[in-house]
Amino acid sequence: MQEPRSAGAMGAEFPYTLQTMCYIEVATDGSVRWGTDTGAYSRALAGESRLFAAWPGQWSTHLFAIDDLDQYARAFGIIHDEARTGLADHQHQASWTIHPTEDKPNGTYITINVRLACGCEIHDLKTFASQMRQQKGWDIATTGGWGGSSGTHYMRARRKSLT
């Protein structure tokens, strides 16, 4: 038998949000849950449970102890992390235009160019989508293609949410 490896030792390089990562929560009473949520983070922070991650490799799966709860919380957006997301926790100076390649500008979802005049860069689309929903009511699609740099990014959005 082996002891779990330390996720904290890998720092931000640990792939917390990897689609194939399986999270396991073991409570102090021995009960077991799987998945991720803010409740698991809160219970682990309070010492009521421990979190583990099974990271599947090509030939074997490795077990990691989630021993840096701050990194876990930052990766899942429980705690805002500007370095990871590229987004300051402020009111963004954002504007949009229809992307030049959009061939259905009256569709339900359209491809748009978003310009951030506040100096932020989008590294995490889910965080940006959440912030824009709160700040401007925009409904940004978090599945599918997106990209960009230097303050301009392209993504899909629900047309009627853009004001």
Side-chain angles (χ1 to χ4, degrees), residues 1-90 92 94 99 109 111-114 116 118-136 138-158 161:
M1 284 291 201
Q2 297 179 6
E3 290 288 318
R5 294 171 57 188
S6 168
M10 293 181 70
E13 297 299 314
F14 186 79
Y16 289 94
T17 58
L18 186 70
Q19 294 280 0
T20 55
M21 190 75 71
C22 178
Y23 285 93
I24 303 159
E25 178 185 9
V26 180
T28 53
D29 67 3
S31 61
V32 177
R33 298 179 196 174
W34 65 276
T36 60
D37 63 14
T38 56
Y41 167 74
S42 298
R43 289 185 294 274
L45 196 61
E48 298 169 7
S49 67
R50 290 188 65 200
L51 292 177
F52 298 91
W55 184 358
Q58 183 175 2
W59 308 110
S60 65
T61 298
H62 296 277
L63 184 65
F64 286 81
I66 304 302
D67 48 2
D68 186 340
L69 293 173
D70 283 344
Q71 284 290 350
Y72 172 87
R74 285 183 178 95
F76 286 104
I78 298 168
I79 297 173
H80 182 72
D81 184 358
E82 186 172 340
R84 193 182 297 264
T85 65
L87 300 162
D89 195 12
H90 67 184
H92 294 293
H99 194 277
Y109 278 86
T111 303
I112 59 172
N113 284 333
V114 174
L116 295 175
C118 55
C120 290
E121 286 289 328
I122 304 169
H123 301 158
D124 182 334
L125 185 60
K126 287 183 180 179
T127 300
F128 178 71
S130 174
Q131 289 179 344
M132 287 298 92
R133 179 177 290 284
Q134 291 171 359
Q135 294 177 16
K136 295 185 174 282
W138 294 0
D139 187 5
I140 304 291
T142 57
T143 58
W146 70 281
S149 63
S150 302
T152 303
H153 303 269
Y154 66 89
M155 62 198 65
R156 306 270 302 156
R158 184 180 301 271
S161 72

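For Ser130 (side chain) and Lys126 (main-chain N/O), no donor-acceptor pair under 3.5 Å exists by modelled atom type. Of the possible polar contacts, one joining the Asp67 side chain to the Gly8 backbone as a donor-acceptor pair under 3.5 Å is found. Distance alone, capped at 3.5 Å, places no donor-acceptor pair between the Gln71 side chain and the Glu13 backbone.
Looking at every heavy atom in both residues, Ser49 comes nearest to Ala40 through OG-O, 4.3 Å. Here the closest non-hydrogen pair linking Leu116 and Ala94 is CD2-CB, 3.7 Å. In plain terms, the two heavy atoms of Gly148 and Tyr154 that are nearest each other are N-CE2, 4.0 Å. Residue Leu125 comes nearest to Ala141 through the heavy atom pair CD2-O, 3.4 Å, listed as atom of the first residue, atom of the second, then distance. Heavy-atom minimum distance, Ile78 versus Asp37: CD1-O, 4.3 Å. Across all their heavy atoms, Met132 and His92 have their closest contact at CE-CD2, 3.6 Å.
Rounding to the nearest 0.5 Å places CD1 of Ile79 at 4.5 Å from CG of Asp70. The CD1 atom of Ile24 lies 6.0 Å from the CG atom of Leu63; values are rounded to the nearest 0.5 Å. Note that CE of Met155 is 10.5 Å distant from NE2 of His99, once rounded to the nearest 0.5 Å. Considering CZ of Arg43 and OG1 of Thr38, their distance stands at 8.5 Å, rounded to 0.5 Å. How far CD of Glu82 is from CG of Asp124: 13.0 Å, rounded to the nearest 0.5 Å. Distance check: Ile122 CD1 to Thr85 OG1 gives 10.0 Å after rounding to the nearest 0.5 Å.
Remark: His153 pairs with no residue by the ring pair (Phe, Tyr, Trp, His ring centres under 6.0 Å) rule, at least two apart or across chains. Remark: Asp139 engages Tyr109, Arg133, Arg158, Ser161 in a side chain to side chain contact (heavy atoms under 4.5 Å, CB included) (not counting sequence neighbours). His123 meets the ring pair (Phe, Tyr, Trp, His ring centres under 6.0 Å) test with no other residue; sequence neighbours excluded.
The number of heavy-atom neighbours closer than 6.0 Å to CZ of Arg84, taken from other residues, nucleotides and ligands shown, is above 12.
The closest side-chain heavy-atom distance from Phe14 to Tyr72 is not below 4.5 Å. In this structure, the side chains of Glu25 and Leu51 come closer than 4.5 Å at one or more pairs of heavy atoms.
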- Message: With side chain to side chain contact (heavy atoms under 4.5 Å, CB included) as the criterion, how do Arg156 and Thr111 come out once you've worked through the C-alpha distance, each side chain's angles and the decisive distance to 0.1 Å?
- Response: CA-CA 4 Å; Arg156 306 270 302 156; Thr111 303; 2.9 Å; yes
- Do Phe128 and Val114 pass the side chain to side chain contact (heavy atoms under 4.5 Å, CB included) test, and can you show the C-alpha distance, the side-chain angles, and the key distance before you say yes or no? CA-CA 11 Å; Phe128 178 71; Val114 174; 3.9 Å; yes
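Here Tyr41 and Phe76 keep their ring centres 6.0 angstrom or further from each other.
Between Phe64 and Trp55, the angle of the ring planes lies from 30° to 60°, which puts this pair in the tilted group.
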